[in-house]
Each structure stands twice: as C-alpha cells, then as structure tokens.
Amino acid sequence: KNREYKWKVEYMHWCPDGVDGIVISINGQFPGPTIRAIVGDTIFVHLTNNLPTEGVVIHWHGISQIGTPWADGAALISQCPINPGETFLYKFKVDKAGTYFYHGHYGMQRSAGLYGSLIVEVPKDENEAFHYDEELNLLLSDWWHKSSHDQQIDLSSKPFRWIGEPQSLLMNGRGQFNCSLAAQFSKLPIPQCKLRGDEQYAPQIFKVHPNKTYRLRVASTTALASLNLAIEGHKMMVVEADGNYIQPFFVKNMDIYSGESYSILFKTDQDPSNNYWISISVRGREPKTPQGLTILNYIPNFASKIPNSPPPLPPLWNDYNYSKTFSNKIFGLMGLSPKPPTRQNRRILLLNTQNRIEGYTRWSINNISLVFPTTPYLGSIKHGINNAFDTKSPPNTFSKNYNIMKPPPNPNSTYGNRVYMLKFNTTIDIILQNANALGENVSEIHPWHLHGHNFWVLGYGDGKFDHKKDVEKFNLKNPPLRNTVVIFPYGWTAIRFVANNPGVWAFHCHIEPHLHLGMGVVFAEGVHLVKNVPNEALNCGLTRKMFVKDKHI
Ligand SMILES: O=C1O[C@H]([C@@H](O)CO)C(O)=C1O
C-alpha cells in the first residue's frame, strides 16, 4: 500500500516543559506526526521546507533504504539540504516491522525538536513473535532552554562552550521544568504541578486496563542524554531492539541510548486502585536534569491520582557495570534473527578521541574530525566527481601504542571528509575503540548509529581491543541485530555487517553535539549500482553544476 503525506516544516512557539520556547514543527505538531505503516508499504512524504533561512532534511532512522539511498535524509551524504520554500519527495519502502523514528539530520535540527515516531507493523494476517493485548508508544527526547542555534554557535566557538546538560527530559514531547508531578515525594523545594491536562507540557497519561499485556514501544531521539526507563512496580520483558527480535528477558528498569528503540511487554497486574509512575532518568553523565515522569493510569482511576510511592530510583549515574549487564543480556532470537557470516573480509578499527584543532574542541576518528563536503557523496561518487572530497583512504586503524587511558598526547587532529570504500557484498567488522577525552580521567558513553544497515553486535569489552584474545570471544551464535550500539567508557564494541546495500552511509555518534563536532565516518558500497536518483536530491555543489550545464546558466 502507498501511504502519502504532505508535511510542512516550520518554526513554532511551543512550551515543551512549561518554559516558552521555539521548536521545529511538522504540520503544526510537536513532536511531528506518527507514521504507522505495514511492512512492504511505500511511504511518500512531500516535505515542504518553511524554515525561512535554513535547509532541512529528514532521516528515517532504522529504515534500510534498499534501492533508495537518496531518500536516507542525511544532508550532504545522501542528498542536498532542501532549500527554504522548496518541496522534496521522500519515497521509500518500509522493509521490516519494528519501532522506529525519524528526525532532522542537518546541523542541529534534531535538538530543535524535529522528530517523530515511525511504526511498522507486521501484515494483518501475520503474528509477531510475542503476544500482547494493546500497545502504547513512547518517544523520548531531551530539551534545552538555549536554542539549537545558540548551542551550535557555542560548540563552534573558540574557546569552546559546552552546551551542558538538558534542562528537561521529554516523553512524547512533554516535560515539566518549574514543577514536579512528584513534588510531594521530593526533598527539593519544587512545587507540585497544577495542571488541567490541556497544557502543551502536561504529561501524556498512559491509560491501561487491569490484567492485560501491553506492548510499550519506546525510542530515544535525545540529543545527549542516555536514559534509564522504569515502570513503577511492573516487570518489563524486552522483546525487540531497533526493529529486530531479541531473546526475551526480564528487567525492572532498562537503559536506552540515543538512537535506540525497544519494545517491552508488561502486565497490568498491580493493585488496580492505584496509578503508577513511568520514569526516565539520566545515565552516564552527572544527573543535573530532573527525572522525566508520567503516569500509568489504571482505568477507571482518575488520571490525576498521584501514585502512592515515590518515583522509581534509578541506578547510580556512573554505575557502568549496571549498564553493561543490561547490554550483555541482549541476544538475537534463535530461529528468527538471522545469524552473521562466520568470517569477515575486512576489519576496521575506529579510535574515538576528543581533540583540539586550531584551538577548537573537536571529536576525531583515527585522528580525523569529520566535516561534510558541499556536494553530497552519493552524487559525487556515483558521477565520478573527484574533486568533491578527499578521495584518499581514511586510516583503517590507529597506532598500536596509543594509550587509551590517557588524554591524547598530541591533541592536534585534522579536519577531513574521506570515505571508507567498502567492497560490495563483503563482510565488514568494525571495532569501536573508546579512549580518554581531553580531561584526565574522563571517558564518555557514545551510542553509534549506522545508516542503511543493521549490524550484529559481536561483543563489548573493557580497555584496548586485543586482536587475538577478544576475537575469540566474539558471539557468532546469537548476536543481536541492531542499528545503534553503545561504546562504554574506556571500552570497545565489535560489530559485523554485510556491505550489500548500494549507497553512501553515515556511521556516527548519535549524540547530536558530538556528530556536530566531527564524531563520524562515511561508508560507500556498490554506488555504481544505484539507480534513479532524483535530480532534486543532488541540486547543490558540483552535482548542481552538472545538471544545469546544458542550460547555460
Ligand atoms: O563533547 C563534549 O564536551 C564536553 C567536555 O568534554 C568538554 O567541555 C562534554 O562533556 C562532552 O560530551
């Protein structure tokens, strides 16, 4: 089935957490409209850019874009930014059921609120691998009172100005800054929220019937925050990760990093005369942001009935072992989750470091800090334009002697826009190696997202990756398939994927300011096989000159 949408993207006054601000809206909505489709459907989004002075694109996070790499919505990788006033048609097939989302992928427009949910259901006559009665949808994000423009300028300033922690955590675009739903349980002098329910920042209440099984779809599009999600008093069974079946397991709370999505099942088996908290809390960074809260409302209780107990207490923000335990519980579902090829053709090691370039603070991968060219790679590679970017091969690894436990000895790095050219249909292993940042004893969490593919997560480890010992420990039996995976402080993560999707694909830290500061790489595979790229996708830079040359402009 074809599903066709007309979207207008524009700035709008909005009040996501009780403080007036400005968001990027779609058709006057924040978050943008939810797309619901069925596997095999073709989505048509006619996107009109009504931002007065900026280009825009939208990335369909988790959709493989098989045959339509130009619709991936990564600015200057898969397409030109859509100019103000212009309309661009995204047309792509949703190839796999699951919980996904979409978001801006140009500058820091995701931080400005350009995002929404994308849910792909199994066909009506097919069943999921698990049973549930009803479903709920939860899109998580974080919110700053400083505009995304201010943030972008801060990050690009000399001396560097870090954006700091978000003021609020949002659930389906709603949070509370000046009041708390749980003030009566708080030691802080914060007032109880007095809400009618129709405020833009009033929580979305999750209404449930007792004694049923619910599927909660949850996706995180945070700009920075890693989160821990809990439903007070309810055990959660995790069944889906990034649109892939996983071996179900029970937890009382779960971590979710930017770029990830999950489905969890829970039973409404608690005392039905009470309501319960749903909470999200910051992990991995000092928790300077209040917990995000909403209410699981057992029908027929009043939605305004405050739960009897304080909101769930999250694990300590720096208890990384807790987070590792969670990540290490995720396995592919035997029989339903495809297995990885047993051998790789190429192994690439990517060292993540924080650096300075000419006094600017940046992030680098193997000592190169990514800046995008002005011609989208998909166009320049397909049309053999050699002067659009640096065509030298980027480094396949980093120095063996590099001490990941110390700040970079020579913090200088360089800007670059090289591309990892992957031989079509080969199996690629990537080892993401974390290291100490510029400050002593600092190493941060980075969730890495791959466009155009799912990958198998073969393992995580502490310290520096060891080619002999660690490879032997790779899980080739039931690794989970994902599109986003985290690297823990001072640790490494190994993934495997098959370069079988013709196109040019970003692989980057999903923390918005980190990507902005250069933390990403670009892969290209089988670009000569890409057909039917609409001219509108390449109407900028050197490819634009190509299209207009006949017209003597
Ligand atoms: O990119 C970052 O910069 C700051 C800090 O490292 C320097 O101020 C921080 O916490 C980041 O995640």
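Each ligand, and each atom within it, is numbered from 1 in the order the structure gives. Just so it is clear, the values below take in all heavy atoms, side chains as well, and ignore hydrogens, waters and symmetry mates.
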Decide yes or no on ring pair (Phe, Tyr, Trp, His ring centres under 6.0 Å) for His453 and Phe523, but give the supporting numbers first. CA-CA 11 Å; His453 301 269; Phe523 297 136; 8.0 Å; no
Short list, please: which atoms of ligand 1 are under 4.0 Å from a heavy atom of [X]?
X      : value
Arg285 : 9 (C), 10 (O), 11 (C), 12 (O)
Phe160 : 3 (O), 7 (C), 8 (O)
Glu444 : 6 (O), 9 (C), 10 (O), 11 (C), 12 (O)
His514 : 1 (O), 2 (C), 11 (C), 12 (O)

Under a 4.0 Å threshold between the charged nitrogen and the carboxylate oxygen, would Glu260 count as salt-bridged to Arg482?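 Here Arg482 pairs with Glu260 in a salt bridge, since their nearest N and O are under 4.0 Å apart.
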Determine whether the aromatic ring centres of His451 and His508 lie less than 6.0 Å apart. yes
Looking at the rings of His449 and His105, which for Trp means the six-membered one, are their centres under 6.0 Å apart? no
How about NZ on Lys400, more than 12 heavy atoms from neighbouring residues, nucleotides or ligands closer than 6.0 Å, or not? no
Closest protein heavy atom to atom 4 (C) of ligand 1, given as residue, atom name and distance to 0.1 Å: Trp162 CD2, 3.5 Å
Closest protein heavy atom (residue, atom, distance) for atom 6 (O) of ligand 1: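 Of every protein heavy atom, Gln354 NE2, 3.0 Å lies nearest to atom 6 (O) of ligand 1.
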